Structures are given as C-alpha cells and as structure tokens.
Amino acid sequence: MKQMKEYNPKEIEKKWQDIWEKEGTFIASEDKSKPKFYALIEFPYPSGEGLHVGHPRPYTALDVVARKRRMQGYNVLFPIGWDAFGLPTENYAIKNKIHPRIVTEKNIARFKSQLKSLGFSFDWSREVNTTDPAYYKWTQWIFLKLFEKGLAYKKEAAINWCTDCKVGLANEEVVNGVCERCGGEVVRKVKNQWMLKITEYAERLLSDLDLVDYIERVKVQQVNWIGRSEGAEVDFNTTAGYTLKVYTTRPDTLFGATYMVISPEHPMIDELKDKITNLDELIEYREKAARKSDFERTELAKEKTGVQVKGIMAINPVNKKEIPIWISDYVLMSYGTGAIMAVPGHDTRDWEFAKKFNLPIIEVVAGGDVEKEAFTDIENGTMVNSDFLNGLNVKEAKEKITEWLEQNGIGRRKVNYKLRDWVFSRQRYWGEPIPLVYCEKCGWVPIPEEELPLLLPEVESYEPTDTGESPLANMPDWVNTTCPKCGGKAQRETDTMPQWAGSSWYFLRYTDPHNDKELASKENLEYWMPVDWYNGGMEHTTLHLLYSRFWHKFLYDIGVVPTPEPYQKRTSHGMILGENNEKMSKSRGNVVNPDEMIDEFGADTLRMYEMFIGDFEKAVPWSYNGIKGCRRFLDRVWRLQSFIVEGDEYSSDLEVAMHKTIKKVSEDYENLKFNTAIASMMSLVNSFYAKEKVTRAEFRDFLILLNPVAPHITEELWELNGYEGMLNQQKWPTWDESKTVEDQIEIAVQINGKVRERIMIPSGLGKEETEEAAMKDEKVLELIKGKNVIKVIGVPGKLVNIVVK
RNA sequence: GCGGACAUGGCGGAAUUGGCAGACGCGCUAGAUUUAGGAUCUAGUGGUGACCCCGUGCAGGUUCAAGUCCUGUUGUCCGCACCA
C-alpha cells in the first residue's frame with residue numbers, strides 16, 4: 001500500500017477550476033459537424049443576497065447532463081448570463097443612493113465567484129447581460145419588429161398598480177391580489193400602457209405544446225392559463241335598439257336566460273345614457289367597483305352585488321321575451337364581450353345573483369333541482385322548456401342551437417381565451433428604454449434601427465414618481481427630440497420594458513453572443529436551436545415560459561429563427577427548504593449559504609448532496625447530517641486508492657455489478673434520477689470495500705461515472721493514479737446488456753402469495769422451467785406435502801407462486 | 001369553487017409492464033481502534049423478545065399476486081380564482 005495524500009478539496013478544486021479555465025475546456029466548439037447539445041438553465045437575477053443552496057440544484061443537474069454529453073461526443077453549449085434589469089436592484093439603489101449599474105456590477109461579481117467556486121462547466125466566454133447596451137440593442141430591435149407588425153400597441157387600460165413599487169404590473173405579477181415582488185397592495189389604475197398582443201398567438205401557444213417534450217405539470221398549467229373555451233356569441237336585441245353581444249359556452253340554455261348582466265364598465269351605459277332612467281345609480285356603482293382593489297374584489301366575491309339598468313329591457317332572441325339588464329362586478333369587461341346572458345338554473349354565479357335579487361329561474365335541463373342549486377352537469381340531463389330543443393341532450397342541443405343561431409344571423413361559433421394581452425410598460429428607470437418617439441403629426445414613430453441601442457440616460461434621481469410617470473419623464477433633454485419621420489418636435493416614450501423582456505430571447509443570444517450585426521447569425525441559430533433541454537422553476541411556467549415562446553414564435557414568423565418552438569424539453573426542479581421544513585428566507589433565518597458548505601465540505605460534496613438530497617422534482621428540506629454523509633462517501637472514494645490492483649478488465653465477481661452500475665447511472669442521469677444514480681455508485685463502492693480490492697479498469701470507469709457529479713475529486717484521482725489525459729476528455733463507458741444479469745439468480749417461492757422459500761436458479765429460465773425448478777426444491781416439497789396444488793404461476797426472473805388448498 | 005400533484009420506517013427517499021416493500025444515505029444501537037472524537041472500520045436497525053403474524057393515509061374491490069389497478073374517503077402541497 002502506497003502512502004496516500006489527504007483528500008483536500010480546497011486545494012484540488014481550485015487547481016482544476018484554474019486548469020479548466022486556462023484550457024478553455026468547456027467552451028462550445030465552432031465545429032458544426034459534431035452533433036450538438038444545448039443545455040439551458042434559467043439565467044439568474046443577480047440579487048444582493050447572493051446564492052443560497054437552492055440555486056445550485058438545477059444548475060448542478062444540467063451540469064451533470066452537460067458533462068456526460070461531452071464525454072458522449074456531443075458539442076455542448078451550456079451557457080450562463082445575467083437577467084440584471086429589474087426592481088430589487090433599483091429599489092436597493094434608491095435606498096442606498098448608488099447607481100443601479102454599480103449595484104448590478106457588484107452583484108454579478110458576487111454571483112460569478114459563487115458559481116465559479118461550484119465548478120460548473122459553463123461556457124463563460126458566452127456570458128450575456130441584459131443590461132449591456134450591446135445586448136438590449138436587440139431587445140429593442142425585437143420590440144420595434146413587434147411594433148412594426150402591429151403586435152405592440154398603446155392602450156388606455158385599467159392596469160394593476162402596485163402602490164408600494166409605484167409601478168404597473170402584468171396580471172401574472174399579481175398574486176392573491178398583492179404584488180408578487182413586494183407584497184404591496186394592488187389597485188386598479190387607468191394608465192396609458194404599451195401592450196403586446198400575445199393573445200394573437202394563443203391558439204398556437206396551446207396547440208404547439210404537442211410539438212414539445214415538457215413535463216406534464218408544465219403543460220397543464222400553460223393549458224389552464226391560456227384557458228381556451230368553445231361556445232357561441234349571441235346577439236340580444238334591446239328595447240332601445242342597441243344590440244348586446246354576449247359570449248356563452250352554454251348556448252343550449254338560451255331558453256333559460258331570464259336576465260342579462262353587463263360589466264359596470266360596459267360601453268352600453270354611456271351610449272344609452274339618455275334612455276337609462278337610473279344613470280346616477282349605475283355610475284355610483286361603477287365608481288365604487290373601480291375603487292376596490294382586486295384584493296377587495298375577491299374578498300367580497302362571496303356576496304353578489306348589482307344594480308338593474310332601468311328604462312331598457314333586453315329581448316331573448318329565441319322566444320322574444322323581454323328580460324331585465326343588470327350591472328354587476330362579477331362580469332368582467334376583459335373577458336368575452338363584457339356581457340352575459342344569465343341562466344340561473346344552470347350557472348352557479350347566476351343562480352346566486354338571481355336568488356339575491358329575486359329573479360326568475362327556469363329549468364331548461366332536467367336532472368337537478370334548480371330551486372335548490374344550479375344544475376351544471378352537462379353529461380346527463382335532457383332539454384326541457386326549450387321549444388325545438390326539448391328531448392335532446394346537452395351536447396346535441398348545443399350543436400342544434402348554434403346552427404339555428406347562425407342560420408338566423410343572430411349568433412356564431414366562437415372560441416375564447418382567458419389569456420390577456422401582455423402589459424409591457426413599466427414606469428421605472430432600470431429597464432430597457434422603449435425606442436419610440438411621439439410626434440404630434442405622425443403619432444408613434446420608431447427610432448431608426450441604426451440608432452439602436454437607445455441608451456438609458458444618466459439620471460440624477462431614479463426614484464419613481466407619485467404621479468406614476470417614469471423617472472425618465474423628468475429629463476427634458478432626453479425626452480425632447482425630433483421626429484425621425486417628419487423632423488418636427490417629438491417626445492420620447494419614457495416608460496421602460498418589464499424584466500421579462502430581456503429573458504424572452506436570451507437563449508438565442510447565447511448561440512452568437514458577440515454578434516453586432518444581428519441578434520445571432522443564421523448559421524449559429526440553425527445549428528444550436530432549439531434548446532435541447534431547459535430546466536427551470538415552476539414559478540416561471542405562466543410568465544417567462546409563455547412570454548418567451550410567444551416572442552420566439554413571432555421571430556419564427558418573421559424568419560429570424562429556424563424553429564417554431566424555442567425549447568424541445570422542459571423540466572422543473574423542486575425547492576430546497578430550510579432544515580425546519582420552511583421556505584428558505586432571510587426573515588425566517590434558515591438560509592444555508594453555499595459558500596459555507598464549500599468551505600466546510602468542498603464543492604464536490606455540495607454538488608453531490610444537491611443531487612442526492614431527494615427526488616429532484618420535489619421540495620425537500622436541507623439536512624446538515626445529509627451533506628456530511630456525502631462528504632463521507634467522497635472520503636471513501638479517495639481511500640479506494642489503497643485498494644487499487646492491476647487489471648485491464650473487470651474482475652469476474654464484479655463484472656455484473658460494473659455493467660449494471662454503468663447502465664443505471666447512464667439512464668438515471670437522463671431521467672432526473674440523480675439520487676438513485678448516486679445510490680448505485682455508493683453500492684458499487686461498498687462492493688469494492690467488501691473485497692478491499694478494485695482493479696484499475698473498475699476504478700477508471702467508476703471515476704468517469706462519478707465525474708459529472710464530483711468533477712474535481714475525480715479529475716484529481718485520475719491524475720494521481722496515472723491514467724492517460726484528462727478525465728473530462730474520456731469516452732463515457734458503455735454497458736453490455738447481457739452482462740447486467742448474474743448467471744445464478746435468487747427467486748422467491750410463494751405459497752398462496754406468501755414468500756416461504758428462496759431458491760437459486762440459472763438466469764434466463766423460461767416460465768415452465770422456473771416453475772419446475774421451484775417444484776423440485778426439497779423445502780418447497782416439504783411445505784406443500786399433503787396439500788392439493790391448484791395452480792403454479794411462474795414469473796421468469798422473479799418468483800413462483802404455488803396456490804394450494 | 002376549478003385544475004394538478006402527493007401520501008411508504010425516527011428522517012430524506014428506493015421499488016420496469018401488478019411479481020421478494022423499505023435499495024442508498026442520514027439517524028440510532030453494539031463492538032473494534034483511539035489520549036480523545038461531530039474521525040475510521042465491523043455488525044445490527046419497519047413493528048412485536050423470537051418462528052408466526054402485522055405492515056405503503058383510511059374503507060372497500062379486482063387478482064394466484066396490489067405501494068402500483070378500480071371505487072369511495074381523509075389529509076397535505078402547488079397553480080388559478082366570479083373566465084360566462
């Protein structure tokens with residue numbers, strides 16, 4: 001036994017990180033003849049807090065896959081960058097009176113050193129930064145293209161306004177009625193906003209989910225968020241001659257419509273103000289509704305409120321009956337037509353409203369008791385009280401009435417989506433300036449492409465204003481400009497883009513990050529896209545993921561990118577919780593800092609524990625003892641050196657174990673089952689210890705298998721023990737399926753389903769031979785002696801069950 | 001309310017198409033070694049003292065065989081939230 005050096009992670013991790021950097025080991029090659037593999041993680045937002053141990057979980061997972069793929073001969077792109085515009089930095093900058101650019105630089109430096117100390121195989125030469133003018137030039141360019149194609153428009157709209165951040169929020173940023181970022185109260189505020197027509201892509205965003213390999217829960221969430229529904233639009237005439245359009249998914253219940261409800265903001269009220277006899281009352285209700293924050297609205301959702309529109313009645317087109325019109329805030333202007341036909345017999349909300357205001361309820365689908373509750377079942381039940389629909393089931397009735405409506409020109413088939421257009425303006429400083437100017441004569445005019453990027457100006461104060469204007473509005477020198485079209489006086493847009501802008505296309509930039517002619521070259525996009533595997537958090541499923549798919553589809557339509565979808569495969573990791581099983585946060589005092597773990601145990605141990613901690617897709621609490629166990633394993637691996645014996649082959653008694661492990665590890669790394677891959681390597685090491693021997697061939701292949709998880713220690717052991725070259729340049733080992741099974745295997749013999757004996761039989765026996773082998777066994781014969789054997793069921797390789805009486 | 005996921009030892013978790021429940025790790029117990037151990041090694045570790053038996057949230061069912069399939073039920077987590 002030779003003298004062994006101590007395992008010193010501090011020393012060897014630094015050593016190998018320096019070597020990898022110096023040699024450019026992980027720089028993606030420009031050689032496009034090799035098969036490519038593009039692995040992507042969500043680029044981090046460089047906050048002032050630094051990393052906690054939750055961050056490295058997804059990064060390590062894809063690092064493992066990336067490292068394995070390189071050894072399998074792929075040209076791997078595994079890039080990293082910074083999503084650096086955004087509110088927290090700006091807020092911190094305001095509070096501490098430091099320019100957000102300086103704050104950003106500082107935070108990035110911190111994140112970078114933390115990520116580097118974990119030994120990820122990122123291609124640092126392709127680092128991007130959304131706040132770099134050379135990057136946001138192209139964010140602005142894409143926006144101009146959207147504007148050019150009519151997909152960006154400015155609209156006076158009631159938006160979600162965070163009273164703390166003093167900024168408009170997208171629907172997606174309002175969580176439970178409060179601001180997703182700061183938890184501040186959100187109220188409705190009418191503002192002139194830039195909007196992006198993501199709704200125009202709703203159908204494709206939905207149907208193209210068939211083209212990609214996303215985990216089910218991601219697909220389901222996107223489907224729900226897009227919220228497609230099929231129904232009909234129906235025209236209701238009114239006694240005032242005004243036509244009220246409604247959208248319904250239940251046209252079959254038209255005969256049961258006993259009143260109508262329109263949203264308080266519905267334009268009919270203003271248009272017919274001369275004919276409405278209680279206008280004051282309606283306006284009062286509308287104002288009350290507008291003042292309510294979204295939070296209050298949902299809070300008060302239990303009790304329905306409303307006011308009848310007096311002086312006008314609607315006419316049910318199927319039976320010409322006059323029915324009253326009400327306004328109520330349970331009908332939203334932003335969905336469908338802002339008006340509904342109320343069918344209290346078969347819609348729960350309408351039923352509650354009708355009960356409260358004593359409106360008639362008519363049963364049109366038999367099967368329930370509409371006096372007790374709305375009958376909403378659409379599977380069972382037959383149409384009644386519905387003239388020519390009587391006797392049909394719901395499905396048939398829907399079809400028939402829709403045809404009838406179309407024939408009579410009073411209705412049409414209609415598909416609706418819950419998805420709304422994307423509020424794209426922020427009244428903030430730290431974001432991409434919107435490259436448009438407003439000219440009295442020409443309206444909104446894009447600044448010429450060659451003038452991009454439109455730089456964010458230096459500014460005295462970047463505090464948001466109480467009026468809701470961007471800080472940029474306080475800079476007349478910057479705002480006042482000339483119209484690119486007519487040369488007249490014009491003013492710049494002072495709103496900036498939301499944080500989601502830069503992250504909607506960053507994966508494209510990685511393919512060609514230094515290109516100053518295009519956002520990325522055609523050849524590079526052709527070669528690298530789509531992203532083969534994208535892992536990220538579930539919290540981005542309805543925001544970033546949908547937004548970036550939308551931009552990508554748009555870029556596909558205008559011929560910039562070669563694929564209709566950006567990401568071929570999407571997976572998601574579970575959160576790492578504090579040791580107390582609560583979400584890790586500063587305020588709970590349960591944050592575990594990766595720097596400290598690296599200092600105490602080493603990066604390899606941390607990486608390994610991140611992967612071994614549990615089911616990758618589930619939330620799991622951190623455990624200090626758990627990480628200690630991983631360090632213990634690496635210590636054991638280090639000490640394997642003392643067992644090394646000569647041998648270019650696997651030893652006969654471990655041959656099966658080797659092939660099995662290679663198979664298990666190779667497959668598990670691909671299937672997010674890092675925990676079981678590591679478990680199988682631990683078992684293998686236990687076998688080496690049991691023998692106190694490991695051949696050079698066994699050790700060699702074991703090191704390769706372990707390398708993606710623990711890259712530093714394995715490189716060091718590779719070198720120390722005189723293997724050729726660098727470990728990361730080796731070929732991934734392969735397994736021989738026929739060698740993954742022992743010659744003799746143990747199977748169970750059950751009697752009436754209970755295991756009573758275990759026998760050794762040669763592997764590969766068929767069903768009958770297996771049964772025969774069991775029936776020959778002495779102990780088994782003993783056990784069934786004198787009993788009546790009814791049935792013998794053999795399962796090759798598993799067990800034999802003997803049914804006796 | 002709607003949609004989705006999950007429920008297995010003291011803990012994190014394993015378990016192809018239904019086929020030996022509890023792999024691997026932690027923790028714990030005992031022993032060895034050590035001046036000492038939050039080090040290392042060996043053995044044990046679902047419950048009950050042992051064979052038996054009982055055991056995958058709960059109650060049924062299908063099957064030779066159920067953690068896995070079916071029906072019902074309870075609980076936890078996540079997403080959406082008056083979407084007509």
Side-chain angles (χ1 to χ4, degrees), chain A residues 171-172 175-177 216-225 227-229 231 246-250 253 261 263 294 297-298 300-302 304 328-332 334-343 346-350 352-353 376 416-420 538-539 541-542 574-575 579 581 608-609 612-615 617-630 632-633 635-636 639 664 667 673 675-686 689-690 746-758 790-804:
Chain A
N171 286 327
E172 291 84 343
V175 177
N176 292 326
E216 200 52 31
R217 56 196 170 125
V218 169
K219 273 194 189 180
V220 166
Q221 257 188 49
Q222 291 219 343
V223 168
N224 290 347
W225 190 261
R228 184 183 198 274
S229 73
V246 304
Y247 171 72
T248 178
T249 55
R250 294 293 307 273
T253 61
V261 186
S263 159
D294 279 7
R297 267 205 184 192
T298 41
L300 299 170
K302 287 153 198 139
K304 295 269 183 291
S328 173
D329 62 4
Y330 88 84
V331 173
L332 311 172
S334 50
Y335 183 77
T337 62
I340 62 158
M341 62 177 211
V343 184
H346 305 283
D347 181 283
T348 311
R349 295 152 302 176
D350 298 344
E352 284 168 10
F353 194 83
T376 55
N416 244 318
Y417 302 91
K418 285 201 271 185
L419 186 69
R420 306 293 157 79
M538 282 307 288
E539 68 275 22
T541 305
T542 50
M575 229 189 315
E579 292 217 62
N581 235 310
M608 182 162 185
Y609 184 54
F612 186 64
I613 190 167
D615 182 339
E617 302 199 70
K618 285 203 207 127
V620 63
W622 186 258
S623 156
Y624 183 75
N625 279 326
I627 189 171
K628 273 198 311 196
C630 287
R632 199 172 300 165
F633 173 72
D635 281 324
R636 271 163 79 78
R639 289 195 308 269
K664 179 91 181 136
E667 291 178 347
K673 299 186 128 195
N675 54 338
T676 49
I678 291 169
S680 73
M681 288 188 282
M682 288 173 166
S683 293
L684 185 63
V685 168
N686 289 344
Y689 267 79
E746 189 189 70
I747 64 161
V749 182
Q750 300 181 330
I751 295 180
N752 290 339
K754 299 228 152 99
V755 179
R756 287 292 181 253
E757 175 63 344
R758 289 162 216 274
I790 294 170
K791 213 173 179 183
V792 180
I793 302 121
V795 182
K798 299 277 181 191
L799 52 65
V800 176
N801 190 7
I802 303 164
V803 185
V804 299

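What you see is a predicted model, and the numbers here were worked out from it, not measured in a lab.
- Put simply, the side chain of Val218(A) reaches to within 4.5 Å of the side chain of Met538(A), judged on heavy atoms.
- Nucleotide A14(B) has no partner under the Watson-Crick or G-U criteria, as no pair reaches both atom distances under 3.5 Å.
- For Tyr247(A) and A84(B), the shortest distance from a side-chain N or O to OP1 or OP2 is not below 4.0 Å.
- Within 4.0 Å of Gln750(A), counting heavy atoms only, lies at least one base atom of the nucleic acid.
- Between the NZ atom of Lys418(A) and the P atom of C2(B) there is a distance of 13 Å, rounded to whole Å.
- Of the possible polar contacts, one joining the Tyr609(A) side chain to the Ser623(A) backbone as a donor-acceptor pair under 3.5 Å is found.
- Straight-line distance from the CD atom of Glu617(A) to the C1' atom of C6(B): 12 Å, rounded to whole Å.
- Taking a pair to require two hydrogen-bonding distances under 3.5 Å in either a Watson-Crick or a G-U wobble arrangement, A81(B) remains unpaired.
- In this structure, of C53(B), A84(B), C41(B), it is C53(B) that holds the atom nearest to the side chain of Arg756(A).
- The backbone N or O of Ser229(A) sits nowhere less than 3.5 Å from a side-chain atom of Asn416(A) that would complete a donor-acceptor pair.
- Checked by atom type and distance alone, the side chain of Asn801(A) never pairs as donor or acceptor with a backbone atom of Ile793(A) at under 3.5 Å.
- Looking at Val792(A) and Val800(A), their side chains come closer than 4.5 Å, going by heavy atoms from C-beta outward.
- Here Gly336(A) lies out of heavy-atom contact (under 4.0 Å) with every strand.
- Checking C82(B), G19(B), C24(B) against the side-chain heavy atoms of Tyr330(A) singles out C82(B) as nearest.
- Residue Glu746(A) is in base contact, counting any heavy-atom pair closer than 4.0 Å across all strands shown.
- A23(B) atom P lies 17 Å from atom CZ of Phe633(A), rounded to whole Å.
- For the OP1/OP2 pair of G12(B) and a distance below 4.0 Å, the side-chain nitrogens and oxygens of Asn625(A) include no atom meeting the criterion.
- In this model, the phosphate group of C6(B) is not approached by any side-chain N or O of Arg217(A) to a distance below 4.0 Å at OP1 or OP2.
- Within the nucleic acid shown, Arg636(A) comes within 4.0 Å of sugar-phosphate atoms alone, with no base atom in reach, counting heavy atoms only.
- When distances run from any side-chain atom of Lys304(A) to the nucleotides C41(B), C82(B), G38(B), the shortest one goes to C82(B).
- Between U45(B) and G37(B), the two C1' atoms lie 23 Å apart (nearest whole Å).
- For G31(B), the O4'-C1' to base torsion is more than 90° from 0; the nucleotide is therefore anti.
- Side-chain atoms of Lys791(A) lie closest to C64(B) of the nucleotides C24(B), C64(B), G19(B).
- Residue-level contact check: Ser623(A) touches neither bases nor backbone, having no heavy atom under 4.0 Å from any strand.
- C69(B) and G61(B) make up a base pair, with Watson-Crick or G-U wobble contacts both under 3.5 Å.
- Tyr330(A) has its side chain out of reach of Glu352(A): every pair of non-hydrogen atoms, C-beta onward, lies at least 4.5 Å apart.
- Using a 4.5 Å cut-off on side-chain heavy atoms (C-beta onward), Asn752(A) and Val803(A) make contact.
- At distances below 3.5 Å, at least one donor-acceptor pair connects side-chain atoms of Gln222(A) with backbone N or O atoms of Thr541(A).
- Here Asn752(A) lies out of heavy-atom contact (under 4.0 Å) with every strand.
- Under the Watson-Crick or G-U wobble criterion, with both distances below 3.5 Å, G9(B) has no partner in any strand shown.
- Across G13(B), A81(B), G19(B), the shortest atom-to-atom separation from the side chain of Trp225(A) is found for A81(B).
- In this entry the distance linking CG of Asp329(A) with P of A81(B) reads 16 Å, nearest Å.
- For the pair Met682(A) CE and G13(B) P, the computed distance is 15 Å after rounding to whole Å.
- Residue Thr541(A) places no side-chain N or O under 4.0 Å from the OP1 or OP2 atom of G79(B).
- Atom CD of Glu579(A) is separated from atom P of C26(B) by 15 Å (rounded to the nearest Å).
- Under the Watson-Crick or G-U wobble criterion, with both distances below 3.5 Å, G46(B) is paired with C54(B).
- Comparing the same atom, P, in U8(B) and in A15(B) gives a spacing of 15 Å after rounding to whole Å.
- Across all strands shown, Val795(A) has heavy atoms under 4.0 Å from base atoms, whether or not it also approaches the sugar-phosphate.
- The side chain of Lys628(A) places no N or O atom within less than 4.0 Å of a non-bridging phosphate oxygen (OP1 or OP2) of U40(B).
- Distance from the side chain of Lys673(A) is smallest for A15(B) among the nucleotides A15(B), A14(B), G19(B).
- Atom P of nucleotide C26(B) and atom CH2 of Trp622(A) are separated by 15 Å, given to the nearest angstrom.
- Heavy atoms of Asn801(A) sit under 4.0 angstrom from at least one base atom.
- If you take CD1 of Ile613(A) and P of C11(B), they are 16 Å apart, rounded to a whole angstrom.
- Here the nucleotide nearest the side chain of Ala679(A), chosen from G19(B), C64(B), A23(B), is A23(B).
- The side chain of Tyr689(A) has C41(B) as its nearest neighbour among A84(B), A65(B), C41(B).
- For the pair Thr248(A) and Ile340(A), the minimum side-chain heavy-atom distance is 4.5 Å or more.
- Place Val220(A) and Ile747(A) on RNA chain B by their nearest nucleotides, and Val220(A) ends up nearer the 5' end.
- At G38(B), none of the side-chain N or O atoms of Arg632(A) fall inside 4.0 Å of OP1 or OP2 (strictly under the cut-off).
- Side chain of Thr248(A), nearest nucleotide from A84(B), A14(B), C64(B): A84(B).
- Judged by distance alone with a 3.5 Å cut-off, no donor-acceptor contact links the side chain of Tyr609(A) to the base of G25(B).
- No contact: Phe353(A) has no heavy atom under 4.0 Å from any strand.
- If you check C64(B), C24(B), A84(B) against the side chain of Ser229(A), the one that comes closest is A84(B).
- Nucleotides A39(B) and U29(B) place their P atoms 13 Å apart, quoted to the nearest Å.
- In this structure, A36(B) makes no Watson-Crick or G-U wobble pair, since no nucleotide meets both defining distances under 3.5 angstrom.
- Among the protein residues, Ala619(A) comes within range of the sugar-phosphate backbone only, with heavy atoms under 4.0 Å from sugar or phosphate atoms but none that close to a base.
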